[in-house]
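Below is one structure, written out as structure tokens; comments come after it.
Side chains are part of it too, since the values below use all heavy atoms of this structure and drop only hydrogens, waters and symmetry mates.
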Amino acid sequence: MRQPGRYSGLTMCGGISGRTGPHSLPLARIKKIMKNSGEDVKMISGEAPIVFSKACEMFIEELTRRSWMTTLEGKRRTVHKDDVASAVVATGIFDFLVSLVSGSCCSEDITLVEIETLKS
């Protein structure tokens, strides 16, 4: 009989129900991204995409929570890309995304700061 794997507890939480059950994110797509990440990546176990799926789910939830807080500060009920950009800029753990969103909110903020500086 097969013994439970190291990450078997992860497969039962958060809506992920094992290898063949419904997943929040498509495992085949995750596996394809993993294989295309580098020439050295040749073989990927069946459990690895499940772990990545859960990690991506947690990442999206955290970024959404922080973006939602920015939305509420603006007294709105719809999350906009500027809210996501503000959450990324304001949170240190998302520093790797700053260059991705730098065209959204940050350029406007910098422009306003530069205008204020020029006026004084």
Report yes if the side chains of Ile60 and Glu57 come closer than 4.5 Å at any heavy-atom pair, otherwise no.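 No - every pair of side-chain heavy atoms lies 4.5 Å or more apart.
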
Closest approach of [X] and [Y], non-hydrogen atoms and distance?
X     : Y     : result
Pro49 : Leu27 : O-CD2, 3.6 Å
Asp83 : Thr78 : OD2-O, 3.7 Å
Leu25 : Cys56 : CD1-CB, 3.4 Å
Trp68 : Arg77 : CZ3-O, 3.6 Å
Lys35 : Lys42 : CE-O, 4.0 Å

Transitive ILVMFWY side-chain link [X] to [Y], under 4.5 Å:
X      : Y     : answer
Val101 : Phe96 : yes
Met69  : Phe59 : no
Leu72  : Val88 : yes
Met34  : Ile50 : yes

Between [atom1] of [X] and [atom2] of [Y], what distance do you get to the nearest 0.5 Å?
X     : Y     : atom1 : atom2 : value
Ser45 : Lys31 : OG    : NZ    : 8.0 Å
His80 : Ser67 : NE2   : OG    : 12.0 Å
Asp82 : Arg76 : CG    : CZ    : 8.0 Å
Ser37 : Lys32 : OG    : NZ    : 13.5 Å

Can you tell me if CZ on Phe52 sees more than 12 non-hydrogen neighbours from other groups inside 6.0 Å?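 Not more than 12 within 6.0 Å, no.
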
